[in-house]
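Remarks on the structure that follows.
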Amino acid sequence: MSLDPNKIKEYNDHFVNLNGEVFAGLHYLIDMWNVKYDENQKYIRNLLVRASEAGKATVLKVHTHHFGEGHGISGLAVLAESHISIHTWPERHYIAFDIFMCGNTDPDLSLNFLKNELKPEKIKVKIIKRGLVKT
């Protein structure tokens, strides 16, 4: 559900108008199973930055927390255009991502980056238009 830059009218508040629908942005809820990644904070921070940049977003701050060996990492990239978060469960070989982007960004590019980087055996993606206003 990529946003076509030729069909978007951007407002000063970063809401978008896509084919007559006005909304804050797209929020991707992503579940990945059997992924390949390094269970360390430096790798996760770098992954969040690269995914953000792939989606043409501006990274303001990245924070991660490691819950101890084998207990996963949670992380958040705060973006000028919203956020990308990650929560890992290494014992279940599962990762959950949220990608919420508004303005002139492309969350599909972030999603594709994560798929190519992590190579999940199974993935489920739900896309929500946040702040949808009837026009």
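Note that these values count all heavy atoms, side chains included, but never hydrogens, waters or copies made by symmetry.
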Side chain of [X], backbone of [Y]: donor and acceptor closer than 3.5 Å?
X	Y	value
Thr88	Gly72	no
Asp38	Asn40	no
Asn46	Lys42	no

Got [X] and [Y] here, is their nearest side-chain heavy-atom distance under 4.5 Å?
X	Y	result
Lys129	Leu26	yes
Tyr37	Glu117	no
Ile123	Asp31	no
Glu39	Ile73	yes

Mind checking the [atom1]-[atom2] spacing from [X] to [Y]? Nearest 0.5 Å is all I need.
X	Y	atom1	atom2	answer
Phe113	Leu118	CZ	CG	7.5 Å
Leu114	Tyr28	CG	OH	12.0 Å
Ile128	Phe23	CD1	CZ	12.5 Å
Leu29	Lys124	CG	NZ	9.5 Å
Met101	Asp106	CE	CG	8.5 Å
Ile99	Leu79	CD1	CG	9.5 Å

Check whether [X] and [Y] end up in the same hydrophobic cluster, where Ile, Leu, Val, Met, Phe, Trp and Tyr are linked by side-chain heavy atoms less than 4.5 Å apart.
X	Y	value
Leu47	Val35	yes
Trp33	Ile30	no
Ile86	Tyr43	yes

His27 ring center near His83 ring center (under 6.0 Å)
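For His27 and His83, the ring centres are under 6.0 Å apart.
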
Where do [X] and [Y] come nearest, in terms of heavy atoms and distance?
X	Y	result
Leu109	Gly55	CB-CA, 4.1 Å
Ala24	Phe100	CB-CZ, 4.4 Å
Ala77	Ser52	CB-OG, 3.9 Å
Ser85	Leu48	C-CD2, 4.5 Å

Contacts table for residues 57-64: side-chain donor-acceptor under 3.5 angstrom, sequence neighbours left out:
unit_1	atom_1	unit_2	atom_2	d
Thr58	OG1	Glu81	OE2	3.1
Thr64	OG1	Gln41	OE1	2.8
Thr64	OG1	Arg45	NH1	3.0

Residue set satisfying side chain to side chain contact (heavy atoms under 4.5 Å, CB included) with Lys36, at least two apart, ordered chain then number -> none

Using the rule given for side-chain contact (heavy atoms from CB on, under 4.5 Å), can you reason through Leu132 versus Glu21, listing the C-alpha separation, both sets of side-chain angles and the distance that settles it, and then say yes or no?
CA-CA 7 Å; Leu132 187 61; Glu21 287 187 310; 4.0 Å; yes

Check the surroundings of atom CD in Glu91: do more than 12 heavy atoms from other residues, nucleotides or ligands lie under 6.0 Å from it?
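For Glu91, atom CD is crowded (more than 12 foreign heavy atoms under 6.0 Å).
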
Specify whether Trp89 and His87 have parallel, tilted or perpendicular ring planes, treating 30° as the upper limit for parallel and 60° as the lower limit for perpendicular.
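Ring orientation of Trp89 relative to His87: tilted.
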
